[in-house]
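Structure, as structure tokens:
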2 protein chains.
Amino acid sequence: MIVILLYLTCFNFNTMEKLIHSIRITINDKLYLKDPESSNLGKRIVGESILMINDIGFESFTFKKLGKKIGSNESSIYRYFENKHKLLLYLASWYWGWLEYQLVFATNNIPDPGHKLERAIEIMTRATEIDLAFTHINEVLLNKIVINEYSKSYLTKEVDQENKDGYFVIYKRLVNRMSQMISEVNVNYRYPASLASTIIEGTLHQYFLIDHFASLTSCDNKNTPTEYFKHLAFNTLNKNI
Amino acid sequence: MIVILLYLTCFNFNTMEKLIHSIRITINDKLYLKDPESSNLGKRIVGESILMINDIGFESFTFKKLGKKIGSNESSIYRYFENKHKLLLYLASWYWGWLEYQLVFATNNIPDPGHKLERAIEIMTRATEIDLAFTHINEVLLNKIVINEYSKSYLTKEVDQENKDGYFVIYKRLVNRMSQMISEVNVNYRYPASLASTIIEGTLHQYFLIDHFASLTSCDNKNTPTEYFKHLAFNTLNKNI
DNA sequence: CAAATATAATAGTATTACTATCATATATAG
DNA sequence: CTATATATGATAGTAATACTATTATATTTG
């Protein structure tokens with residue numbers, strides 16, 4: 001019995017590992033000049049830029065500083081990314097793609113729309129934890145970057161052109177998935193897309209407020225954004241969980 | 001009869017004019033070196049910066065360009081504002097102060113908490129219109145700046161220090177007013193501050209989406225953000241309007 | 001009219017966000 | 001095993017930005 005259990009555990013572990021390591025988040029290839037996943041240097045650029053942007057903020061972050069930190073050269077980094085704006089878009093796309101994967105995985109087999117939406121809100125609003133499947137990326141810090149910097153990636157004069165070029169597809173797909181799930185709970189609700197975008201963007205904002213403007217939020221360790229948004233969504237949709 | 005009516009109209013117009021022109025939006029004096037309201041040049045700096053930021057975006061906006069536009073000198077603008085970041089904080093404070101004034105004015109004498117909150121949401125979410133009381137400021141364009149640039153004023157590494165220095169007091173007071181009105185409608189609701197910040201920040205976001213990511217919002221000319229947020233708030237609070 | 005104050009003009013600095021060129025290291029193909 | 005392609009590193013250079021400093025000239029005020 002013990003042997004079988006151990007065997008199964010071992011089997012599950014290995015298959016899970018293989019499955020996990022075969023997952024790749026696909027990002028619009030216009031966002032980079034050379035795929036950073038294709039080399040060690042590329043992975044270090046991505047991995048260390050997350051630490052550095054988190055550390056000094058996107059405004060102070062430069063390719064020169066990053067080069068120094070990873071023992072490489074400014075000019076080498078420019079061979080991967082045109083500029084730091086595109087690197088930010090790349091990081092954000094990765095983050096939203098990673099979240100999307102979790103969303104789809106977690107809600108896939110839930111038949112009841114109410115339960116499905118509940119689970120979806122939990123995934124989208126929970127505190128981020130490290131994912132061992134991606135060793136070069138610190139998801140916790142990446143989440144912080146998205147909270148602190150994501151708006152800057154679309155609050156630009158170039159947003160419409162970049163939107164046309166598909167720089168925000170993953171994010172848009174994610175909001176649309178949420179929107180659909182909302183409609184499945186209440187077909188008559190007139191604002192599914194707005195509620196979806198409010199939850200996703202609002203989650204980032206509430207986490208920011210917890211850290212910097214505690215008086216502007218009712219959320220903290222006890223009252224989580226998850227509870228807030230679940231209450232908000234289901235009361236708005238006139239459905240009890 | 002006609003004479004009296006005309007007289008009353010005239011009287012009301014004059015008193016209203018006086019009242020209106022005696023209103024000043026008070027802004028933290030650490031945000032400027034010299035009060036821009038105190039001179040013609042100061043007003044031109046504020047007025048034209050609104051047009052210019054709106055036109056080319058905050059990133060491309062510089063004091064040098066502004067100087068050229070208003071026929072003044074870069075160095076003269078630096079005598080009013082330390083840098084463009086503080087100018088943005090000044091403009092944003094002015095905007096939120098202006099909105100706060102309207103909020104207080106419009107909700108002042110409403111005894112019923114439900115009606116009061118409804119009116120408050122209308123004020124906070126409606127499309128901006130020109131206010132003749134402030135000739136040097138284009139409120140419609142300022143609203144657009146707040147939509148497109150406000151996040152950048154607090155998504156910085158200096159936010160905690162600047163918050164301590166009171167750079168965001170007006171905004172915080174506004175959110176707190178909304179929060180209190182929400183609590184008055186339903187004392188048992190556990191997330192009044194979060195709902196208030198969601199409505200105020202969410203309004204900016206929904207207007208941005210209407211302009212740039214129409215598929216991510218359910219709002220447009222017919223379904224207004226006002227209707228969306230009124231529905232959201234009152235259903236969440238389990239009160240019918 | 002003198003003195004104070006506001007504004008303008010000019011110059012200068014460190015940093016940023018690149019581009020260009022050339023050198024060297026490493027991988028790969030024949 | 002070598003030729004060659006490819007990746008990376010080093011260095012230099014440019015225009016623009018975000019200022020600071022100084023001096024000159026208007027304009028206001030006492």
Side-chain angles (χ1 to χ4, degrees), chain A residues 29-49 52-53 55-91 136 149 152-153 155-158 162 167, chain B residues 29-49 52-53 55-91 136 149 152-153 155-158 162 167:
Chain A
D29 58 18
K30 283 183 190 165
L31 286 178
Y32 49 78
L33 295 168
K34 183 181 172 177
D35 185 2
E37 298 273 344
S38 71
S39 75
N40 180 270
L41 179 60
K43 283 176 190 161
R44 265 157 57 225
I45 290 171
V46 169
E48 293 290 319
S49 71
M52 199 168 191
I53 292 171
D55 201 30
I56 64 175
F58 187 66
E59 273 69 44
S60 302
F61 169 82
T62 70
F63 281 179
K64 195 166 197 169
K65 290 177 188 169
L66 180 62
K68 203 168 187 182
K69 196 184 177 189
I70 64 177
S72 176
N73 198 276
E74 193 188 6
S75 60
S76 301
I77 299 169
Y78 274 107
R79 283 201 195 86
Y80 284 84
F81 294 99
E82 270 178 71
N83 49 53
K84 68 175 181 172
H85 172 66
K86 289 211 173 173
L87 170 59
L88 179 60
L89 286 167
Y90 178 91
L91 294 177
H136 67 298
E149 322 286 359
K152 299 170 193 168
S153 78
L155 295 177
T156 68
K157 281 284 161 185
E158 296 78 32
E162 293 188 350
Y167 294 1
Chain B
D29 58 18
K30 283 182 189 163
L31 286 176
Y32 49 78
L33 297 169
K34 183 182 172 175
D35 184 2
E37 298 274 344
S38 71
S39 74
N40 178 270
L41 178 62
K43 282 177 190 162
R44 264 156 58 223
I45 290 171
V46 169
E48 292 291 319
S49 71
M52 200 167 188
I53 292 172
D55 200 33
I56 65 176
F58 188 67
E59 273 66 46
S60 301
F61 169 80
T62 71
F63 282 179
K64 196 166 196 170
K65 290 177 188 169
L66 180 61
K68 203 169 186 180
K69 197 185 178 190
I70 63 177
S72 175
N73 199 275
E74 194 188 7
S75 59
S76 303
I77 299 169
Y78 273 106
R79 282 201 197 84
Y80 283 85
F81 294 100
E82 270 180 69
N83 49 53
K84 68 176 182 173
H85 172 65
K86 291 215 171 169
L87 171 59
L88 180 60
L89 287 167
Y90 177 92
L91 294 177
H136 66 297
E149 322 286 0
K152 298 171 193 168
S153 78
L155 295 176
T156 68
K157 280 283 162 185
E158 296 78 31
E162 294 189 349
Y167 294 2

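Labels below follow one simple rule: chain letters A, B, ... track the order of the sequence lines, proteins then strands, and each chain is numbered from 1.
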Validation row: A:V46, A:P36 side chains within 4.5 angstrom (heavy atoms): yes

Nearest-angstrom distance from the residue atom CZ of B:F81 to P of D:dA18: 16 Å

A:N83 CG to D:dA15 P, straight-line distance once rounded to whole Å: 20 Å

Qualifying salt bridge (charged side-chain N to carboxylate O under 4.0 Å, His left out) pairs, either residue in residues 55-74 of chain A, two or more places apart: A:E48-A:K69, A:E59-A:K152

Sugar-phosphate only, base, or nothing, as touched by A:F63 at under 4.0 Å among non-hydrogen atoms: nothing

Between NZ on residue A:K43 and OH on residue A:Y80, distance to nearest 0.5 Å: 10.5 Å

Closest non-hydrogen atom pair between B:I77 and B:G67, with its separation: CD1-N, 3.4 Å

Sugar-phosphate, base or nothing in reach of A:K64, heavy atoms under 4.0 Å: nothing

With A:Y167, the side chain to side chain donor-acceptor pair (under 3.5 Å) member among A:K86, A:E158, A:H85: A:K86

Output a table of nitrogen or oxygen pairs between the protein and nucleotides 4-9 of chain D separated by less than 3.5 Å.
residue	atom	partner	partner atom	Å
D:dT8	OP1	A:Y80	OH	3.3
D:dT8	OP2	A:K34	NZ	3.1
D:dT8	OP2	A:Y80	OH	2.8
D:dG9	OP2	A:S72	OG	2.3
D:dG9	OP2	A:S76	OG	3.1
D:dG9	O6	A:R79	NH2	2.8

Side-chain heavy atoms of A:R79 within contact of A:L41, under 4.5 Å: no

Sugar-phosphate, base or nothing in reach of B:E59, heavy atoms under 4.0 Å: nothing

Nearest-0.5 Å distance that lies between atom CG in A:L31 and atom OH in A:Y90: 9.0 Å

Euclidean distance, B:L66 CG relative to B:L87 CG, rounded to 0.5 Å: 7.5 Å

First and last nucleotide of DNA chain C, 5' to 3', lying under 4.0 Å from heavy atoms of chain B: C:dA6 to C:dT10

Touch class at under 4.0 angstrom, heavy-atom based, for A:E74 against every strand present: base

